[in-house]
Amino acid sequence: MRPLAELPADEARGLTGLLFDLDDTVLDHGALTQPAYDALWNLSRAGLRLVAVTGRPSGWGEVIARQWPVDGVVTENGAVALAREGHAVRRDDEADEATRRSRRIRLAQVVATMQETFPEARLSDDTHARLTDVALDIGESQRVPADVVARMEAKARALGVRTFLSTVHLHLTLERHDKASGTLAWLGARFGDDPTAARFRWAFAGDSGNDAACFSAFATTFGVANVRASLAQLPVPPRWVATAERGAGFAEIAARLLAARA
Ligand SMILES: [Mg+2]
């Protein structure tokens, strides 16, 4: 990882937009600070497209797509995307309702089996707003030790589901996408972006394990300073790193991008 200050101007000028994670990248322990929100508005006014890419529920994505200065929100680790269309919000989900129902039953069975072994396996309080996955709370309203999280993850995989790990949740899913593939597929469908070109035209900012696919896929990648705590889960670290953590780090990334493009 190199200091943000070394980001070359021509690399910054070649970008169409910025993809960004929410928890512990833009948000500080779940809260949106004024510097982080100002940074989003500054990027938007400068003409950069903005797309949030999060493990949070599609129900949250509907609100964010409606209210924030963004062009879209990819939610549930790549499975469902939302975008404002006039006064409505469009939802892109590749599965039909019958598939959603059967996958939900299967995930509930997996969670019930896990709870027989792990009393810590509690559903996150945002699970009701999810369409495709379930999230176990490992760092939001309770702190589950890392070794227990690792055993929970191994158990879930043995039961046949995919897992993603953020700083707050262990996600269990039956979807085929991760944050990178889901985002690239959606950018193609929504903006006509060629997936290979999009890897150079869109930058990504993130902080933790469920950002691994995006740190690997995109050419210009940023970490907020707290990404250092998750480097063991990132086969490819971000190329550029901020000195500040969370929302302040995101504001630093935005300021550097805008200065380099000016
Ligand atoms: Mg995060």
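Because the structure is predicted, anything quoted here is derived from the model rather than measured. Ligands are counted one by one from 1 in listed order, and the atoms in each one are counted from 1 as well. Hydrogens, waters and symmetry mates are skipped; everything else that's a heavy atom, side chains included, is used.
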Query raised in the report: Is a side-chain donor-acceptor pair under 3.5 Å present for Arg103 with Thr132?
Result: no

Requested in this report: Would you mind listing the cluster partners of Leu231? Hydrophobic ones only (ILVMFWY), side-chain contacts under 4.5 Å, chaining allowed.
Outcome: Met1, Leu19, Val51, Val53, Val74, Leu184, Trp186, Leu187, Phe191, Trp202, Phe204, Phe215, Phe218, Val227, Leu234, Val241

Query raised in the report: Mind checking what makes side-chain contact (heavy atoms from CB on, under 4.5 Å) contact with Pro69, not counting sequence neighbours?
Result: Tyr37, Leu40, Trp41, Ser44

Query raised in the report: Are any non-hydrogen side-chain atoms of Glu120 and Arg151 less than 4.5 angstrom apart?
Result: no

Query raised in the report: What protein N/O/S atoms sit under 2.8 Å from the Mg ion (ligand 1), by chain and number?
Result: Asp21 OD2, Asp23 O, Asp207 OD1

Query raised in the report: Taking only residues at least two apart or on different chains, which pairs with a member in residues 241-258 satisfy salt bridge (charged side-chain N to carboxylate O under 4.0 Å, His left out)?
Result: Asp24-Arg246

Report task. Would you please test Glu76 and Arg56 for salt bridge (charged side-chain N to carboxylate O under 4.0 Å, His left out) and show each step? Result -> CA-CA 5 Å; Glu76 302 181 16; Arg56 288 291 182 176; over 6 Å; no

